Enquirer: 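Attaching a single structure in structure tokens format; questions to follow.
Since the model is a prediction, treat every value here as computed from it, not as a measurement. Chain A is the first sequence line, chain B the second, and so forth, proteins listed ahead of strands; every chain is numbered from 1.
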2 protein chains.
Amino acid sequence: MSRDAQECGVNVVIGLIGSKWKPSILWRLAEGDHRFAELRRGVSGISEKVLAEQLRELERDALVSRTAYEGFPLRVDYALTPLGEELNDLLDPVAQWGDAYLADKALEAPGG
Amino acid sequence: MSRDAQECGVNVVIGLIGSKWKPSILWRLAEGDHRFAELRRGVSGISEKVLAEQLRELERDALVSRTAYEGFPLRVDYALTPLGEELNDLLDPVAQWGDAYLADKALEAPGG
DNA sequence: ACCAGTACGCACAATCATGTGGGTACTGAC
DNA sequence: GTCAGTACCCACATGATTGTGCGTACTGGT
């Protein structure tokens with residue numbers, strides 16, 4: 001069981017962010033959107049239910065932190081934790097590779 | 001549509017390897033297992049159907065190459081393409097981070 | 001009172017990913 | 001002929017992930 005492929009860290013990271021919306025949410029957070037509604041608008045066609053769920057999972061996984069202000073019109077701030085920032089940082093080259101991969105594919109299959 | 005979070009490369013990569021078995025298959029391939037049966041034994045409790053499917057998807061995505069030998073007892077070789085090697089390489093630090101993350105969690109929740 | 005906005009939750013449905021249990025075509029050992 | 005092994009595919013079932021629609025508690029504007 002020592003270092004079976006199943007145990008490789010990539011699986012861990014995929015378990016953390018390998019969902020349809022999490023990478024997007026993480027990027028948004030990194031770019032400055034912090035309120036629930038901002039995220040909702042920024043991310044896409046994500047529904048409130050799913051956004052709330054993903055946020056909660058991210059929180060449980062210590063990738064983002066939630067701060068609720070007792071203030072007036074309900075206000076909650078989400079932010080990347082140091083861990084989340086680390087991961088986001090780490091994923092940067094991966095994102096670039098993915099981008100390049102896509103560009104490469106576009107050349108091969110110019111069906112548009 | 002320019003650089004929406006949805007378009008970020010991480011999503012591309014997750015689309016490529018964000019499944020239960022692909023990271024493991026990729027690792028196996030990188031470590032020297034190349035035959036179908038080797039992969040089957042090396043990866044885990046993966047079923048032949050799923051392994052064949054994943055391999056086919058990996059092939060379609062140009063991450064692995066398939067070579068069938070007309071020879072005797074059916075023989076097929078799978079190998080990482082340069083693209084696949086690149087990705088594998090790129091994922092190495094991610095795997096390390098995932099590993100560290102896991103270790104960290106183990107400290108926080110010593111429930112075993 | 002009524003409309004709008006914020007940050008969610010809950011029930012239910014559809015979709016996608018995986019798993020199970022078969023089967024195929026071929027060859028070698030016994 | 002029968003068992004074993006290689007490299008798969010197919011039909012079906014389950015389970016996890018996502019989506020849809022509706023509801024809540026609270027406040028501001030008119």
Enquirer: Do you know which two heavy atoms are closest between A:P23 and A:I17, and how far apart they sit?
Expert: CD-O, 3.4 Å
Enquirer: Does B:R40 put a side-chain nitrogen or oxygen below 4.0 Å from OP1 or OP2 of D:dT6?
Expert: no
Enquirer: Is there a donor-acceptor pair closer than 3.5 Å between any side-chain N or O of A:T81 and the backbone N or O of A:A62?
Expert: yes
Enquirer: Rounded to the nearest 0.5 Å, how far does OH of A:Y78 lie from CG of A:L55?
Expert: 4.5 Å
Enquirer: Among C:dC8, C:dT18, D:dG19, which nucleotide sits nearest the side chain of B:V50?
Expert: C:dT18
Enquirer: Whole angstrom is fine here: how far is it from NE2 in B:H34 over to P in D:dA7?
Expert: 13 Å
Enquirer: Between C:dG9 and A:R56, is there an OP1 or OP2 to side-chain N/O distance shorter than 4.0 Å?
Expert: yes
Enquirer: D:dA7 P sits how many Å from B:E53 CD, rounded?
Expert: 17 Å
Enquirer: For residues A:W27 and A:N88, determine if any side-chain heavy atom of one lies less than 4.5 Å from a side-chain heavy atom of the other.
Expert: yes
Enquirer: Check this one for me: any side-chain N or O of B:Y78 less than 4.0 Å away from OP1 or OP2 of D:dC8?
Expert: yes
Enquirer: Considering all heavy atoms of both residues, which atom of B:G42 and which atom of B:D33 are nearest to each other, and what is their separation?
Expert: CA-OD2, 4.3 Å
Enquirer: Mind calculating the distance between CD (B:E57) and P (D:dC9) to the nearest angstrom?
Expert: 12 Å
Enquirer: Are A:D77 and A:R35 within salt-bridge range, i.e. N to O under 4.0 Å?
Expert: yes
Enquirer: Using whole Å, report how far CD of B:E38 lies from C1' of D:dA7.
Expert: 13 Å
Enquirer: So which heavy atom on A:R28 is nearest to which on A:L39, and how close?
Expert: CB-CD1, 3.7 Å
Enquirer: Can you tell me how far apart CD (A:Q96) and CG (B:L90) are? Round to the nearest 0.5 Å.
Expert: 9.0 Å
Enquirer: Which one, C:dG9, C:dT6, D:dC8, comes nearest to the side chain of A:R41?
Expert: C:dT6
Enquirer: Got a list of protein N/O to nucleotides 22-25 of chain D N/O distances below 3.5 Å?
Expert:
none

Enquirer: Treat primed atoms plus P, OP1 and OP2 as sugar-phosphate and everything else as base, then score nucleotides 11-17 of chain D 5' to 3': B for base contact with protein heavy atoms under 4.0 Å, S for sugar-phosphate contact only, - for none.
Expert: B------
Enquirer: Mind calculating the distance between CD1 (A:I46) and C1' (D:dG19) to the nearest angstrom?
Expert: 11 Å
Enquirer: Kindly indicate whether the side chain of A:Y101, heavy atoms from C-beta on, has any atom under 4.5 Å from the side chain of B:L16.
Expert: yes
Enquirer: From CG of B:L51 over to C1' of D:dA7, roughly how many Å is that when rounded to an integer?
Expert: 10 Å
Enquirer: Counting only side-chain heavy atoms from C-beta out, which of C:dG9, D:dC8, C:dT18 sits nearest to A:A52?
Expert: C:dG9
Enquirer: Please give, in whole Å, the distance from C:dG28 C1' to B:R75 CZ?
Expert: 17 Å
Enquirer: A:Q54 vs A:S19, test: side-chain hydrogen bond (donor to acceptor under 3.5 Å, both in side chains). Steps then yes/no.
Expert: CA-CA 9 Å; A:Q54 304 294 304; A:S19 77; 3.0 Å; yes
Enquirer: D:dT18, OP1 or OP2 - any side-chain N/O from A:Q54 closer than 4.0 Å?
Expert: yes
Enquirer: Nearest-Å distance, CG (B:L16) to P (C:dA17)?
Expert: 13 Å
Enquirer: Reckon B:W21 has a side-chain N or O less than 4.0 Å from the OP1 or OP2 of C:dA17?
Expert: no
